[in-house]
Amino acid sequence: MADLNQHHYALSGEDLQARVLFKDKLIIVLNKPAGIAVHAGPSGGANLEDYFDALKFELPHAPWLAHRLDRDTSGCLILGRQKKSLSRLGKLFESGGITKTYWAIVHGGPKDDRGIIDGYLGNARTPSRWYMRARRQH
């Protein structure tokens, strides 16, 4: 198995099992930590899917991703445990029956109660990965 020594911690199959928030015969909801990709992607590397065998529990196969969260995002990750539930989850995400809500935790804040947002978030790249970065509007 791949070594998930990302940032300041390592993750094992047992650690992943401890992050299960909900499990039934159709789905698993997992508390995904920030700093770990959910799948290898084009650049490869360690990812949560490397450990999905630890989430088989009583089934003969590992679960599948119903959606993705970015490497730097923590939150609830839904996995399908059966092909029929995976298909249904896909349709629910597509139709808006399931939505994602993102919360940002920030240090500090604006000095004034009002203002104008004069920037946006944009992709930035290094040779090994991409990330979001504040950009100024021209």
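In this text, all values refer to a predicted model and were calculated from it rather than measured experimentally. Side chains included, hydrogens not; waters and symmetry mates left out as well; all remaining heavy atoms used.
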How far apart are the closest heavy atoms of [X] and [Y], and which atoms are they?
| X | Y | answer |
| --- | --- | --- |
| Gly45 | Asp50 | O-OD2, 4.3 Å |
| Lys23 | Phe57 | CD-CD1, 3.4 Å |
| Ala66 | Leu86 | CA-CD1, 3.8 Å |
| Asn123 | Arg135 | O-NH2, 2.5 Å |
| Ala34 | Ser74 | N-CB, 3.6 Å |

Decide whether [X] and [Y] are clustered together by the hydrophobic rule: side chain heavy atoms of Ile, Leu, Val, Met, Phe, Trp, Tyr closer than 4.5 Å, transitively.
| X | Y | result |
| --- | --- | --- |
| Leu21 | Ile27 | yes |
| Leu69 | Leu79 | yes |
| Leu55 | Ile36 | yes |
| Leu77 | Leu89 | no |
| Leu16 | Leu65 | yes |

My understanding is that only residues two or more places apart in sequence, or in another chain, count here; which of them pass ring-ring contact (aromatic ring centres under 6.0 Å, His included) with His39?
none

Nearest-0.5 Å distance, [atom1] of residue [X] to [atom2] of residue [Y]:
| X | Y | atom1 | atom2 | answer |
| --- | --- | --- | --- | --- |
| Gln82 | Trp64 | CD | CH2 | 7.0 Å |
| Leu26 | Lys84 | CG | NZ | 6.0 Å |
| Leu48 | Leu11 | CG | CG | 6.5 Å |

Donor-acceptor under 3.5 Å ([X] side chain, [Y] main chain):
| X | Y | value |
| --- | --- | --- |
| Arg81 | Ile28 | no |
| Asp70 | Asp72 | no |
| Arg19 | Asn31 | yes |
| Lys32 | Ala37 | no |
| Asp112 | Pro110 | no |

When the side chains of residues 93-104 are checked against the rest of the protein, which donor-acceptor pairs come out under 3.5 Å, sequence neighbours left out?
from	atom 1	to	atom 2	distance (Å)
Ser95	OG	Lys91	O	3.1
Ser95	OG	Leu92	O	3.3
Ser95	OG	Gly97	N	3.4
Lys100	NZ	Arg68	O	2.7

